[in-house]
Amino acid sequence: MEIKFFPYDFEYKVKEDETFIYLYGKLENNSKICVIEKYRPYFYAQVSNIHRKQLNKRLSDLQIEDNKKIAKVTSYEECEKELLGKKKDFWKIYVNYPKAVPIISKELSQWGLECYEKDILYTHRYLRDREITPFTLVQAKGDFIDENRFRVPVFLAEEIKQFSKDRLKNVKLLSIDIETYSKNKIIQMDKNPILMIAFYGRDEKGKEFKKVITWKKFSEKKDYLEFVNDEIDLLNRFRQIMIDYNPDILTGYFSDGFDLPYIKTRAEKYKIKMDLGLDYSEIYTGSKYNNNNLSNATSKIKGILHLDIFKFIRNIFGKNLKTESYSLNAVSNELIGNSKHDIKIEKLADTWDNHPEKLIDFCEYNLHDAHLALQLFEKLFFDIIEFTKIIGLPSDDIIRMRFSKLVESYILQRAKEYNVIAPNKPAKNEIEQRFEETYEGGFVYEPTPGLYEDLIVFDFRSLYPTIITAHNIGPEALNCDCCDDKEKVPGKDNYWFCTRKKSFLSKVLERIILRRVDLKRLIKESNEEEKLLLESRSYALKVLANSFYGYMAFFGARWYCIECAKSTTAYARDYIQSTIKKAEEKQFQVVYADTDSCFLLLGDQIMDQAMEFMNEINFNLPGHMELEFEGYYPKGLFVALKGKEGGAKKKYALITKEGTLKITGFETVRRNWSPISKEVQQNVLRMVLEDKKEEALEYIKEMISKLKSGKISKEDLIIKTQITKDLRSYSSIGPHVAVALKMLEKDIPVGPGTIVEYIITKGSGLIRERAKMLEEVKQGEYDADYYLNNQLIPAVSSIFLVLGYNEEDLLGEGKQEGLGKFF
DNA sequence: TCCATCCGGGG
DNA sequence: GTGTACGGATGGA
């Protein structure tokens with residue numbers, strides 16, 4: 001019989017010398033299913049100069065003991081494939097189970113054979129070979145079989161193929177979050193119990209499911225609240241809820257390294273079988289989950305797709321965010337405009353022991369955290385889906401990848417189509433060598449400090465990707481034999497790239513670029529919901545395209561090519577520098593440039609002339625390269641490097657016609673600056689860019705006198721610094737450490753990760769002796785001189801210097817030379 | 001300034 | 001799971 005289903009979770013099992021892939025998913029009627037198919041593991045060996053008859057004999061005799069198993073070769077096929085641009089003969093060698101691949105290939109390497117694709121994960125290999133895309137409709141021919149140890153029907157497939165691009169739209173989501181007993185910020189899974197578990201789910205129809213279970217009773221009642229007797233009951237109840245609710249996707253925030261390992265640890269302690277897998281298997285956690293290295297732990301439940309949304313944010317999506325911290329609170333604030341509940345989680349243990357009547361606040365908090373994780377997941381689900389579909393690997397692997405791995409996975413996906421064999425990962429000594437390599441990056445034009453008007457900013461769209469494709473950059477094309485008389489890389493006389501045969505990498509990259517061009521057109525024509533999905537797709541493709549350049553210089557890359565990376569930046573420098581030159585030839589004054597952008601002054605010319613200049617540049621650009629008009633800014637400020645003559649690179653502020661500030665490189669966003677410095681810096685920048693120089697001077701003087709007279713509210717003076725290690729191990733006691741020690745004396749828990757907030761107060765002695773907690777400080781008790789010299793003045797001095805005022809001018813101490821000079 | 005170590009997220 | 005992170009910040013030499 002024939003069935004169609006949407007697979008989204010994958011594993012394999014070895015049964016009596018045969019290996020089966022298990023594809024968990026849903027039928028079109030929303031019911032769950034597990035489809036299994038036999039699949040044979042293999043790798044490649046290069047046999048170009050090998051005595052084949054002899055090899056055949058040796059392979060058939062080969063048997064290697066591996067625990068109780070015997071690894072052996074089952075068969076082989078001859079094939080021709082391309083390795084780094086050269087066609088070579090290979091044997092595709094099949095072995096009797098997946099883990100025999102590394103064992104057999106290692107032995108063959110010792111025989112002197114070059115082995116390839118011997119470390120491709122088995123499920124990944126399967127998905128690529130079968131061309132199956134997770135979350136989309138797949139057809140299977142075969143029959144249902146009796147498997148009593150399964151929570152869902154099992155279908156044994158004889159044939160599986162992708163049926164259509166239809167995507168699974170109805171998913172049942174569940175987010176979980178636990179709160180645990182912890183007295184001193186130290187997390188000890190083996191010692192401290194789980195106190196409560198929150199669930200926040202949404203089913204296929206959008207119906208919500210909310211629940212918090214806890215094992216301390218109190219009088220407050222809530223619909224979602226359920227009491228159990230003890231931690232054992234809590235764990236059993238958790239198991240039952242998971243089984244009953246039966247989500248397709250489970251999420252959480254750091255559930256990979258915290259919630260699931262914690263639950264597993266506690267369940268093991270009480271010998272409770274946490275057999276949540278659809279095959280009754282227990283929660284799987286990466287082996288190192290309890291020895292202090294949780295940050296890359298993985299937790300899986302077979303058949304239920306567990307996607308820790310923190311992982312996707314930390315590894316991939318976080319690069320779009322402004323936040324420096326990937327804490328649930330910071331991320332939720334930025335992405336969904338929602339904060340965690342404002343309670344002191346460090347008081348939970350005490351409340352649990354001594355004030356159970358107040359536990360309701362913690363239950364609310366618990367549920368809210370689960371809700372936040374669910375909302376984050378829903379916000380990013382399209383992005384995860386699109387990355388998954390484009391790369392064609394399981395989502396739970398995708399979200400755990402960094403950019404280099406994403407790109408490599410994408411390239412590997414294409415390798416099969418182009419009959420390309422993947423080069424091996426570098427060995428240890430090779431990696432060490434690669435680490436040594438450094439090279440020149442983008443070109444940055446040193447600005448002359450000043451306040452400029454009528455700035456036009458142009459930038460090259462996707463500069464590095466378009467250079468790579470336009471100049472056919474890639475390992476196979478580097479210094480080819482066929483065209484060494486051709487164009488050399490600018491400034492690199494010993495590098496050139498083939499102009500006859502396209503390199504595999506640039507072909508792959510070009511396809512991404514073209515797909516994005518298509519998508520942009522589609523997005524314009526599509527409705528709102530479709531648009532969101534297509535934008536996610538476009539974003540995923542953009543991330544991939546932009547990662548190619550970095551990938552070629554990445555030490556772990558299979559298609560590593562440092563010459564390619566060097567050439568890419570060399571071309572980029574050449575393009576931006578020649579753009580600057582041409583702009584100057586056209587009588588535009590260039591004030592700044594950085595890698596792919598160029599800032600010029602309109603001067604006496606009109607916008608049409610600037611556009612004409614851009615069109616002329618574009619006329620001569622190869623491939624998909626394009627210089628774009630980024631914007632017009634009435635005013636722009638470039639400041640000097642502290643204590644130096646020259647202009648600071650990557651530090652400037654622009655204002656748009658509409659009055660929006662574009663600030664780059666200034667301190668306004670950093671944590672260890674007090675709110676007052678940030679605010680003053682922003683205001684001064686705005687006034688200067690709005691051409692209100694005198695107003696800015698008056699403003700700063702007013703703020704200085706306000707500060708001096710003690711009128712700044714203490715909240716605006718808080719400096720925040722994070723405690724990063726155990727307090728005793730600090731050898732130099734900075735103000736934040738001194739305050740942390742005071743907090744400890746007052747029984748306020750402090751440990752690594754605590755952000756200490758303090759104010760520097762008046763008096764004599766060391767700064768650290770005058771650093772105090774907010775509540776200790778009376779209004780106006782702060783040390784005005786400290787704030788002036790270490791916060792306010794440093795935040796604005798470089799800006800005023802451009803206007804001709806030095807620090808004395810601001811402080812009203814010196815003569816006001818600036819006025820005469822500039823107005 | 002360089003090199004080695006520490007840290008993230010979670011309670 | 002055909003396996004063992006990684007890149008930035010920090011602090012000591």
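A note on names: the letters A, B, ... follow the listed sequences, proteins ahead of strands, and every chain is numbered from 1. Since the structure is predicted, the reported quantities are computational estimates derived from the model, not experimental observations.
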**Message:** If you go through the side-chain atoms of A:Y284, does one of them form a donor-acceptor pair with the base of C:dG1 closer than 3.5 Å?
**Reply:** yes
**Item:** Whole-Å gap separating C1' (C:dG1) and CZ (A:F20)
**Value:** 19 Å
**Asked** Can you tell me how far P of B:dG11 sits from CG of A:D350, to the nearest Å?
**Response** 18 Å
**Message:** Check the phosphate of B:dG11 against A:K183, side-chain N and O only, distance under 4.0 Å to OP1 or OP2. Yes or no?
**Reply:** no
**Asked** In whole angstroms, how far is the C1' atom of B:dG11 from the CG atom of A:L359?
**Response** 14 Å
**Request:** With heavy atoms under 4.0 Å as the rule, sort A:K405 into base, sugar-phosphate or nothing.
**Result:** nothing
**Asked** To the side chain of A:S327, which of B:dG11, B:dG10, C:dG1 is closest?
**Response** B:dG10
**Message:** Using a 4.0 Å heavy-atom cut-off, does A:Y42 contact any base of the nucleic acid, only the sugar-phosphate backbone, or nothing at all?
**Reply:** base
**Asked** Expressed in angstrom and rounded to an integer, what is the separation of A:N296 atom CG from B:dG10 atom P?
**Response** 16 Å
**Message:** Give me the distance, rounded to whole Å, that separates C:dC6 from C:dG1 when you measure between the P atoms they each carry.
**Reply:** 13 Å
**Asked** So what does A:Y12 hit on the nucleic acid, given a heavy-atom distance under 4.0 Å: a base, only sugar-phosphate, or nothing?
**Response** sugar-phosphate
**Asked** With a 4.0 Å cut-off on heavy atoms, is A:D308 in touch with a base, just the backbone sugar-phosphate, or nothing at all?
**Response** nothing
**Asked** Counting side-chain heavy atoms from C-beta on, which of B:dG11, C:dG1, C:dG7 comes nearest to A:D177?
**Response** B:dG11
**Request:** On the 0 to 90° scale, with breaks at 30° and 60°, tag the A:H341-A:H368 ring pair as parallel, tilted or perpendicular.
**Result:** parallel
**Message:** Measuring from the side chain of A:R125 (C-beta onward, heavy atoms only), which nucleotide among C:dC6, B:dG8, C:dT2 has the closest atom?
**Reply:** C:dT2
**Request:** Measure the distance from NZ on A:K106 to P on C:dG3 and round it to the nearest whole Å.
**Result:** 11 Å
**Asked** CZ of A:R314 versus C1' of B:dG8: gap in Å, rounded?
**Response** 7 Å
**Fill in**
Nearest heavy-atom approach of A:P98 to A:P102 is O-CD, 3.6 Å
**Rounded interatomic separation in angstrom, taking NZ from A:K118 and P from C:dT2** = 14 Å
**Request:** Report yes or no: is there a donor-acceptor pair, N or O only, under 3.5 Å between the side chain of A:K311 and the base of B:dG9?
**Result:** no
**Item:** Counterpart residues, side-chain hydrogen bond (donor to acceptor under 3.5 Å, both in side chains), relative to A:T569 (two or more places apart)
**Value:** A:R573
**Prompt:** Out of B:dG10, C:dT2, C:dT4, which nucleotide sits closest to the side chain of A:Y122?
**Reply:** C:dT2
**Asked** The side chain of A:R402 lies closest to which of these nucleotides: B:dG9, B:dG11, C:dC6?
**Response** C:dC6
**Request:** Determine the interatomic distance between P on C:dT10 and the same-named atom on B:dG9; round to the nearest Å.
**Result:** 13 Å
**Prompt:** Taking the side chain of A:D397 as its heavy atoms from C-beta onward, which of B:dG11, C:dG1, C:dA5 lies nearest to it?
**Reply:** C:dG1
**Request:** Could you please name the option among C:dG1, C:dT2, B:dG9 that lies closest to any side-chain atom of A:S325?
**Result:** B:dG9
**Complete:** Of the candidates C:dG7, B:dG10, B:dG11, the side chain of A:L328 sits closest to B:dG10
**Prompt:** Does B:dG11 have OP1 or OP2 sitting under 4.0 Å from an N or O in the side chain of A:K340?
**Reply:** yes
**Request:** Tell me which nucleotide among B:dG10, C:dG1, C:dG3 gets nearest to the side chain of A:K99.
**Result:** C:dG1
**Message:** Categorize A:F43 for me: base, sugar-phosphate, or nothing, with a 4.0 angstrom heavy-atom threshold over every strand shown.
**Reply:** nothing
**Asked** Between A:R266 (CZ) and B:dG11 (C1'), how many Å, whole number?
**Response** 13 Å
**Message:** Between A:D177 and A:A198 (side chain of the first, backbone of the second, donor and acceptor by atom type, cut-off under 3.5 Å), is there such a pair?
**Reply:** no
**Request:** Give one of base, sugar-phosphate or nothing for A:I178, where a contact means two heavy atoms less than 4.0 Å apart.
**Result:** sugar-phosphate
**Request:** For A:I186, answer base if it contacts any base atom (sugar-phosphate contacts may also be present), sugar-phosphate if it contacts only those atoms, and nothing otherwise; contact means non-hydrogen atoms under 4.0 Å.
**Result:** nothing
**By salt bridge (charged side-chain N to carboxylate O under 4.0 Å, His left out) - contacts of A:E18 (at least two apart)** = A:K38
**Item:** Closest to side chain of A:I187, choosing from C:dG1, B:dG11, B:dG9
**Value:** B:dG11
**Asked** Hey, does A:D369 reach any base, or is it just sugar-phosphate, or nothing, if we go heavy atoms under 4.0 Å?
**Response** sugar-phosphate
**Prompt:** Are A:L328 and A:L376 side-chain neighbours, meaning at least one heavy-atom pair lies under 4.5 Å?
**Reply:** yes
**Message:** Parallel, tilted or perpendicular, judged at 30° and 60°: which one describes the rings of A:Y76 and A:W91?
**Reply:** parallel
**Asked** C:dA5 and B:dC6: how far apart are their C1' atoms, nearest whole angstrom?
**Response** 14 Å
